[in-house]
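Take a look at the structure set out below.
The model shown is predicted, which means the values in this text are computed figures rather than measured ones.
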Amino acid sequence: MTISPKTLYNLLVDNFGYQYWWPIDEYYHQKQKSDPRFEIIVGAILTQNTAWVNVEKALDNLKKHKVLSINAIVHINEEKLKIMIQSSGFFNQKTQRLKLFATYLHKKYQDDFQKFFSRDLTEIRHELLSLQGIGPETADSILLYAGNHPTFVVDVYTKRICKRVPFQVLSDSYDDIKYFFENELQHTILKKELVTVYKELHALLVKLAKNNCLKKKPECLSCPLTKLCEKSL
DNA sequence: CTCCCGTTCT
DNA sequence: AGAACAGGAG
């Protein structure tokens, strides 16, 4: 007995509702000065190995000081940047990573996100992965949430849930899990809906992991998957 | 496998 | 005060 990603998606939407992470359109309607795509990229780098609440504080600091743009990050003094993002932890490396990525976008794409994102998904992904400080999860988050490219994000929560819930996934490697979800969903979801489903499913898995599928003390009684889960207590 | 770091929970 | 949390590089 196994569960399909589509079944999982439907169950999670029914129980938790849509999560609406990074709704880009809303930002444009609010006529924000800074490009939401850059905020998403900065958020993706800052949230590496750290809780989102601490990233939000850093993001608020950057907004308050008007440095949430490629140009501002390229030119800001490193020590000042470290202080602004301090709450997100690992600020020495993250300062380097933000500087490096912003400089890259500035030099090679003239701060033009359209130019950067309007290419083949795999091409952009390889390019992101070649940058210091951008691994698979960060690359896929940027591609999906900032670039609206259909690529599925795998994180520790996804891996944990895959170990407990009976999916037909081969191993617990990043790529195996990613391609398992993508292959399954590509055949059952309309192409037009794929990006939205990838965005929502990742957010819903995070929700499930925090709400029920906790590392130490899972809340299996109230879990939407309790009947289908092999490890259910 | 260790280092990088702050915040929150226990 | 100590543990838990959470990606990528070397």
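Comparing the P positions of dA6(C) and dT10(B) gives an interatomic distance of 14 Å, to the nearest angstrom.
Each of A51(A) and L131(A) has a nearest nucleotide on DNA chain C; the 5'-most of these lies closest to A51(A). If V53(A) and N49(A) are placed on DNA chain B by their nearest nucleotide, the residue sitting closer to the 5' end is N49(A).
One atom, CG of L214(A), and another, C1' of dA4(C), lie 12 Å apart when rounded to the nearest Å. dG7(C) atom P lies 16 Å from atom NZ of K178(A), rounded to whole Å. Rounded to an integer number of Å, the gap from L59(A) CG to dG6(B) P is 19 Å. In this structure, the CG atom of L46(A) is 19 Å from the P atom of dC4(B), given to the nearest Å. Rounded to whole angstrom, the span from the CG atom of N54(A) across to the P atom of dC4(B) amounts to 19 Å. Rounded to an integer number of Å, the gap from CZ of R97(A) to P of dG8(C) is 8 Å. Rounded to a whole Å, the CD atom of Q48(A) is 16 Å from the P atom of dG6(B).
Judged by a 6.0 Å distance limit and a 45° cone about the ring axis, R119(A) is positioned over the six-membered ring of F116(A).
Of the candidate nucleotides dC5(C), dG8(C), dC5(B), dC5(B) has the atom nearest to the side chain of F90(A). Side-chain proximity of K216(A) to the nucleotides dA4(C), dG7(C), dA6(C) is greatest for dA4(C). Side-chain atoms of F91(A) lie closest to dC5(B) of the nucleotides dC5(C), dG8(C), dC5(B).
OP1 or OP2 of dG8(C) has at least one side-chain nitrogen or oxygen of T138(A) nearer than 4.0 Å. For dC5(B), the OP1/OP2 oxygens have a side-chain nitrogen or oxygen of N92(A) closer than 4.0 Å. The phosphate of dG10(C) has OP1 or OP2 within less than 4.0 Å of a side-chain N or O from Q132(A). Close to dC5(C), at under 4.0 Å from its OP1 or OP2, lies a side-chain N or O of K215(A). Here K57(A) does not reach the OP1 or OP2 of dT7(B): none of its side-chain N or O atoms lies under 4.0 Å away.
Using cut-offs of 30° and 60° for the angle between ring planes, the H75(A) and H106(A) rings count as perpendicular. Ring-plane geometry between F152(A) and H202(A) is classed as perpendicular, the angle between the planes exceeding 60 degrees on a 0 to 90 degree scale with a lower cut at 30.
The backbone N or O of V153(A) lies less than 3.5 Å from no partner atom in the side chain of K178(A), so there is not a single donor-acceptor pair. Side-chain N or O atoms of T138(A) include none that pairs as donor or acceptor with a backbone N or O of I134(A) at under 3.5 Å.
Looking at heavy-atom distances under 4.0 Å, G89(A) makes contact with a base. Here T47(A) lies in heavy-atom contact (under 4.0 Å) with sugar-phosphate atoms only.
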